[in-house]
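Note that ligands are numbered from 1 as they come in the structure, with each ligand's atoms numbered from 1 the same way.
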Amino acid sequence: MDNQALQQLTESISLNFFEKPFQHQVTFNKRLRTTGGRYLLSSHNIEINPKQYEFHGKEALIDIIKHELVHYHLHIAGLGFQHRDRDFKVLSEKVGAPRYCNPLPNNKHRYVFTCTGCSTQYFRQRRINIKKYRCSKCLSELQLTRKV
Ligand SMILES: [Zn+2]
Ligand SMILES: [Zn+2]
């Protein structure tokens, strides 16, 4: 996916979920490390970490775009656009945007475990005993989903 396709995707998500146009620019930024994306207050542009797409796929990319668009539309409307703001919570729920995005592995992480209940991902340097360890959020079993 290139920047042009990303722009189109973002514009259509904006119209479909927020019923408002996205009139600024969205680009992939390879220099982002662990964050999935960011909204730039000064320019109203959005930057997306390409690793989110490579690593977690299109669904995760759409989630991040939605999340950044929540910042974007609230900021432009002069409402509370920060994670802790009530407006942010309400709009996130309305459009189905996650409050936080999936973490990305750093270069030491070799194993990815995914919760079978809530799909939270855990990155580890070593293999863990999945018979012993459970998801810390919902206590469901974990599954080894990827060896990096
Ligand atoms: Zn955010
Ligand atoms: Zn879980």
Could you enumerate the protein N, O or S atoms under 2.8 Å from the Zn ion (ligand 2), written like residue then atom name?
C115 SG, C118 SG, C135 SG, C138 SG

Within a reach of under 6.0 Å around CD of E19, are more than 12 heavy atoms found that belong to other residues, nucleotides or ligands?
no

Roughly how far apart are F123 CZ and H109 NE2, rounded to 0.5 Å?
8.0 Å

Here the pair of heavy atoms bringing F113 nearest to R127 is CZ-CA, 4.1 Å

Using a cut-off of 2.8 Å, how many protein N, O or S atoms sit around the Zn ion (ligand 1)?
3

L142 and side chain to side chain contact (heavy atoms under 4.5 Å, CB included): which single residue from N129, T114, I128 fits?
I128

Between Y72 and H44, do the side chains contain a donor N or O and an acceptor N or O under 3.5 Å apart?
no

Can you tell me how the ring of F88 sits relative to the ring of H83, calling it parallel under 30°, perpendicular over 60° and tilted otherwise?
perpendicular

Measure the spacing between CG of N29 and CZ of R38 and express it to the nearest 0.5 Å.
6.0 Å

Picking from V70, I64, I62, L69, what satisfies side chain to side chain contact (heavy atoms under 4.5 Å, CB included) with K66?
I62

Would you say the side chains of S136 and Y122 form a donor-acceptor pair under 3.5 Å?
yes

